[in-house]
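As the structure lists them, so they are numbered: ligands from 1, and atoms in each ligand from 1. Just so it is clear, the values below take in all heavy atoms, side chains as well, and ignore hydrogens, waters and symmetry mates. Fair warning: this is a prediction, and the values are worked out from it, not measured in the lab.
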Amino acid sequence: MQINWGRMLWTAPAAWLLAGAAWSQGAPAAASVDMGKRLFMRCAACHEAKAGGPAKMGPHLQDLIGRPAGGLPNYGYSAAMKSKKFVWDEAQLHAWLARPTAVVPGTTMAFMGMPDAAERQALIDYMRTLK
Ligand code: HEC
C-alpha cells in the first residue's frame, strides 16, 4: 500500500476545520444556557424556576415566554404589574431585566437590573428551558 502523504497533510487539517465549524455552531446556545443557569442564582432568592415549588417573594418563572405579564392566577402581583397588558417575549424580557422599573413603573420587584446584554440573553436562553 502506498500512502500519499501530500494528500493526508491537506485533508487532515480540512477535517479538523470542518469539525471545528460544526462544534462552534452548536456550542453558543449550550454555553449560553449554562451561563444563564448560573446567572439565575441572582433571581432564585425570589423566584422558583418551576411551578409547584414553595412560595417565594416572586412568581415562578416556568413557561414564562408566551405568558401574559402578571398572569399567574395564584400570585399577588402589584397593581402596577396587573395593569400591564403584554405577553412576555424576548424583547420585553430584555427591557425588563435591564431595568424593571422602566417597563413596569411601581413594580415590587426589587432588582436593579442587568446592564450586560449578553448576560440578559443567557438568562433568557436558560429560562426558555424551564418547561
Ligand atoms: C428581591 C426579589 C426579586 C429578585 C432578586 C428578582 N425578582 Fe423578579 N419579581 C419579584 C417580584 C416581587 C415580582 C412581582 C412584581 C410585581 O408584581 O410588580 C417579580 C416579577 C418578575 C417577573 C414577571 C413575572 C410575571 O408573571 O409576569 C419576571 C419575568 C421576573 N420577575 C424575572 C426575574 C429574573 C429573571 C430575575 C433575576 C435576574 C429576577 N426576577 C429577580 C422579585 C424578585
Side-chain angles (χ1 to χ4, degrees):
M1 190 178 79
Q2 196 190 349
I3 297 171
N4 183 339
W5 288 106
R7 185 146 181 265
M8 276 191 65
L9 283 175
W10 277 107
T11 52
W16 279 111
L17 278 176
L18 278 175
W23 179 80
S24 64
Q25 266 172 16
S32 183
V33 168
D34 225 51
M35 177 175 158
K37 189 173 185 175
R38 270 178 280 129
L39 289 167
F40 193 76
M41 290 196 293
R42 297 186 200 171
C43 325
C46 302
H47 289 283
E48 205 56 54
K50 299 273 180 158
K56 287 193 173 176
M57 197 182 293
H60 77 74
L61 298 178
Q62 181 176 330
D63 285 321
L64 178 70
I65 290 175
R67 225 165 81 178
L72 290 183
N74 299 323
Y75 178 80
Y77 293 96
S78 64
M81 183 62 100
K82 273 193 281 198
S83 74
K84 289 289 163 186
K85 301 265 178 287
F86 66 82
V87 168
W88 289 114
D89 61 13
E90 283 219 359
Q92 288 286 6
L93 274 171
H94 265 288
W96 170 255
L97 294 175
R99 209 153 76 83
T101 51
V103 177
V104 184
T107 178
T108 46
M109 172 154 141
F111 183 74
M112 272 189 316
M114 299 169 75
D116 187 327
E119 286 191 351
R120 294 196 304 267
Q121 189 60 51
L123 203 43
I124 292 167
D125 288 345
Y126 169 66
M127 286 194 286
R128 275 187 188 285
T129 70
L130 302 176
K131 302 223 174 264

- Any R67 heavy atom less than 4.0 Å from ligand 1: yes

- Message: Looking at ligand 1, is there an atom of it that comes within less than 4.0 Å of some heavy atom belonging to A69?
- Response: yes

Using 0.5 Å steps for rounding, measure from the [atom1] atom of [X] to the [atom2] atom of [Y].
X: L93; Y: Q121; atom1: CG; atom2: CD; answer: 10.0 Å
X: L130; Y: R128; atom1: CG; atom2: CZ; answer: 11.5 Å
X: D34; Y: R38; atom1: CG; atom2: CZ; answer: 5.5 Å
X: M35; Y: L123; atom1: CE; atom2: CG; answer: 9.0 Å
X: Y77; Y: K84; atom1: OH; atom2: NZ; answer: 15.0 Å

How far is [atom] from its nearest protein heavy atom, and which residue and atom is that?
atom: atom 17 (O) of ligand 1; value: S78 N, 2.8 Å
atom: atom 5 (C) of ligand 1; value: R42 O, 3.4 Å
atom: atom 12 (C) of ligand 1; value: Y75 OH, 3.4 Å
atom: atom 26 (O) of ligand 1; value: Y77 OH, 2.5 Å
atom: atom 23 (C) of ligand 1; value: W88 CZ2, 3.5 Å
atom: atom 30 (C) of ligand 1; value: W96 NE1, 3.2 Å
atom: atom 29 (C) of ligand 1; value: L64 CD2, 3.5 Å
atom: atom 35 (C) of ligand 1; value: L97 CD2, 3.4 Å

- Message: If you compare all heavy atoms of D125 against all heavy atoms of S32, which two are closest, and at what distance to 0.1 Å?
- Response: OD2-OG, 2.7 Å

Against heavy atoms of [X], which atoms of ligand 1 measure under 4.0 Å?
X: M81; answer: 16 (C), 17 (O), 18 (O), 23 (C)
X: T107; answer: 15 (C), 16 (C), 18 (O)
X: A110; answer: 1 (C)
X: L123; answer: 38 (C)
X: M57; answer: 12 (C)

- Taking non-hydrogen atoms only, is L72 closer than 4.0 angstrom to ligand 1 via side chain, backbone, both or neither? neither

- Query: Side chain, backbone, both or neither: which part of L39 comes within less than 4.0 Å of ligand 1 when only heavy atoms are counted?
  - Reply: neither

Would you mind writing out the side-chain donor-acceptor pairs for residues 96-115 within the sub-3.5 Å range, not counting sequence neighbours?
from : atom 1 : to   : atom 2 : distance (Å)
T107 : OG1    : M109 : N      : 3.1

- Within-4.5 Å side-chain heavy-atom neighbours: M127 and H47: no

- Task: Sort by chain and number the protein N/O/S atoms that are closer than 2.8 Å to atom 8 (Fe) of ligand 1, and list them.
- Result: H47 NE2, M109 SD

- Message: Between K37 and V33, does the side chain to side chain contact (heavy atoms under 4.5 Å, CB included) criterion hold? Intermediate values first, please.
- Response: CA-CA 6 Å; K37 189 173 185 175; V33 168; 5.6 Å; no

- State whether the side chain of K56 and the backbone N or O of A44 hold a donor-acceptor pair below 3.5 Å, judged by distance alone. yes

In residues 62-73, what donor-acceptor pairs under 3.5 Å come from side-chain atoms, sequence neighbours left out?
from : atom 1 : to  : atom 2 : distance (Å)
Q62  : OE1    : A51 : N      : 2.8
R67  : NH1    : H60 : O      : 3.0
R67  : NH1    : Q62 : O      : 2.9
R67  : NH2    : H60 : O      : 2.9

- Item | Those residues that, when tested against Q92, pass side chain to side chain donor-acceptor pair (under 3.5 Å) (two or more places apart) | none

